[in-house]
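Below, read A as the first sequence line, B as the second, and so on, with proteins coming before strands; counting in each chain starts at 1.
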Protein chains: 2
Amino acid sequence: MQTVRSIINHAEKHCKSNGSRLTQKRKQVLEGLLQSEKALSAYELADYCAKKFDQSLPAMSVYRILEFLQQEQLVHKLNLANKYVACSHITCDHAHDVPQFLICSNCQRVEEISINKSMIEELQLNVEEAGFHLASPQLEMNCICDQCIDKK
Amino acid sequence: MQTVRSIINHAEKHCKSNGSRLTQKRKQVLEGLLQSEKALSAYELADYCAKKFDQSLPAMSVYRILEFLQQEQLVHKLNLANKYVACSHITCDHAHDVPQFLICSNCQRVEEISINKSMIEELQLNVEEAGFHLASPQLEMNCICDQCIDKK
DNA sequence: TCGTTATTGATATATTATATCACCTAGTAG
DNA sequence: CTACTAGGTGATATAATATATCAATAACGA
Ligand SMILES: [Zn+2]
Ligand SMILES: [Zn+2]
Ligand SMILES: [Zn+2]
Ligand SMILES: [Zn+2]
């Protein structure tokens, strides 16, 4: 179990070695995602920063920052939920595989998994047969998590 | 190649045998989706109806109608694109399988395919291992279609 | 025909997202 | 150190998608 701080430190090094800067605001947004149990919207992140750091962060800035963080592979956008999550592999050194996401539609908890490569290839074949090409093999699946099932 | 009209007739019978009604407005919205090459938003459908049938249809009504059409399995919502498509199997008599969608992120053209059942099961296993349960195995994949590739 | 239910309209508002211009700040060159 | 430059942020406007609620109307069954 790593601390939020150590992950952010790692992210900062990553940016530095990339020629980009992980500014304070960017750290704040990333922290918001790291400390959260669930995926957050840009506006929820703006709220978080406003409350936590006592200085309002306009939603526009959050969007720009999220875009930056995505480029740096520190954050992923969940298109199925229109929400954002911190990457689970920030402190891993290996290259980032194409991610697959399980999203609990009840509580927004998210799991970033890696699906069998052969399976993705098979999927890809199906897609090609239909006259399409996978633009991004990032799959997002509409799920219910164990915890939410237990509650019912 | 079936005509839009014949598909709508089929849909009407389907609703009747289901104890529900495919009203004129509902037909108009369904027709909008059937005649379209690509997925449409609720607001685009409202525009279509306004122009084609010369009577404005409030967006709210479109949303309600889309909800109805989804219940009747005549229409699918693409959560990845926040758009809607007519089901490709309205005139098929067989039970509707769980659909999988290929969405061209460039032109919004959509293909409704059926993926290998064993593959879905394998996917499901992966998901269960991660402590989640597939809420709907409807996969939506971010693609580029052949036509859009050729244009470039 | 009357009363009930299903359908639609109208209005307000929430949520997510993009476009644009102005301002500020950190790093660089002189 | 200062002035310049590019990158980063703020502010404002607006678009696009979606939900909530109450009123009006149309269809249906008795
Ligand atoms: Zn990741
Ligand atoms: Zn959950
Ligand atoms: Zn279908
Ligand atoms: Zn296309």
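Using a 4.0 Å heavy-atom criterion, one finds that A/Arg26 contacts the sugar-phosphate atoms exclusively.
When the side-chain nitrogen and oxygen atoms of B/Asn82 are compared with OP1 and OP2 of D/dA18, one or more of them lie within a distance under 4.0 Å. Not one side-chain nitrogen or oxygen of A/Ser41 sits closer than 4.0 Å to the OP1 or OP2 atom of C/dT15. Here A/Ser61 reaches the OP1 or OP2 of D/dG10: one of its side-chain N or O atoms lies under 4.0 Å away. A close approach under 4.0 Å does occur between a side-chain nitrogen or oxygen of A/Lys83 and OP1 or OP2 of C/dT16. Between A/Ser56 and D/dG10 there is no side-chain polar atom (N or O) within less than 4.0 angstrom of OP1 or OP2. Contact between the side-chain N/O atoms of B/Thr23 and the OP1/OP2 oxygens of C/dT8 is found at a separation under 4.0 Å. A sub-4.0 Å separation between OP1 or OP2 of C/dA17 and a side-chain N or O of A/Lys77 is present.
From B/Glu12, atom CD reaches atom CZ of B/Arg21 across 11.5 Å, with rounding to the nearest 0.5 Å. Rounded to the nearest 0.5 angstrom, A/Glu122 CD and B/Met119 CE are separated by 4.5 Å. If you take NZ on A/Lys25 and CD1 on A/Ile65, they are separated by 7.5 Å, rounding to the nearest 0.5 Å. For the atom pair A/Cys145 SG and A/Gln147 CD, the distance stands at 5.0 Å (nearest 0.5 Å).
Look at CG on B/Leu69: it is 13 Å from C1' on C/dT7, rounded to the nearest Å. Here D/dA18 presents its C1' atom at 16 Å from CG of B/Leu78, a figure rounded to the nearest Å. Distance, B/Gln70 CD to D/dA18 C1': 13 Å, rounded to whole Å. Atom CG of B/Leu66 and atom P of C/dT7 are 15 Å apart (whole Å). Distance, B/Leu45 CG to C/dT8 P: 14 Å, rounded to whole Å. Atom CG in B/Leu80 sits about 14 Å away from atom P in D/dT17, given to the nearest Å. One atom, CZ of B/Phe68, and another, P of C/dA6, lie 12 Å apart when rounded to the nearest Å. In this entry the distance linking CD of B/Glu72 with P of C/dA6 reads 14 Å, nearest Å.
Summary of the strand contacts: B/Ala42 and B/Arg21 both lie near DNA chain D, and taking for each the nucleotide with the nearest heavy atom, the more 5' one is attributed to B/Ala42. Of the residues near DNA chain C, B/Met60 and B/Gln24, the one whose nearest nucleotide (by heavy atom distance) lies more toward the 5' end is B/Gln24.
Although no hydrogens or angles enter the test, the distance criterion places a donor-acceptor pair under 3.5 Å between the side chain of A/His14 and the main chain of A/Glu72.
Using a 3.5 Å distance cut-off with no hydrogens or angles, the side chains of B/Glu31 and B/Tyr48 do pair a donor with an acceptor.
Not a single donor-acceptor pair, N or O on each side, falls under 3.5 Å between the base of D/dA20 and the side chain of B/Tyr63. The base of D/dG10 sits within donor-acceptor range of the side chain of A/Arg64, with an N or O pair under 3.5 Å.
Of the listed nucleotides (C/dA17, D/dG10, C/dG9), D/dG10 has the atom at the smallest distance from the side chain of A/Pro58.
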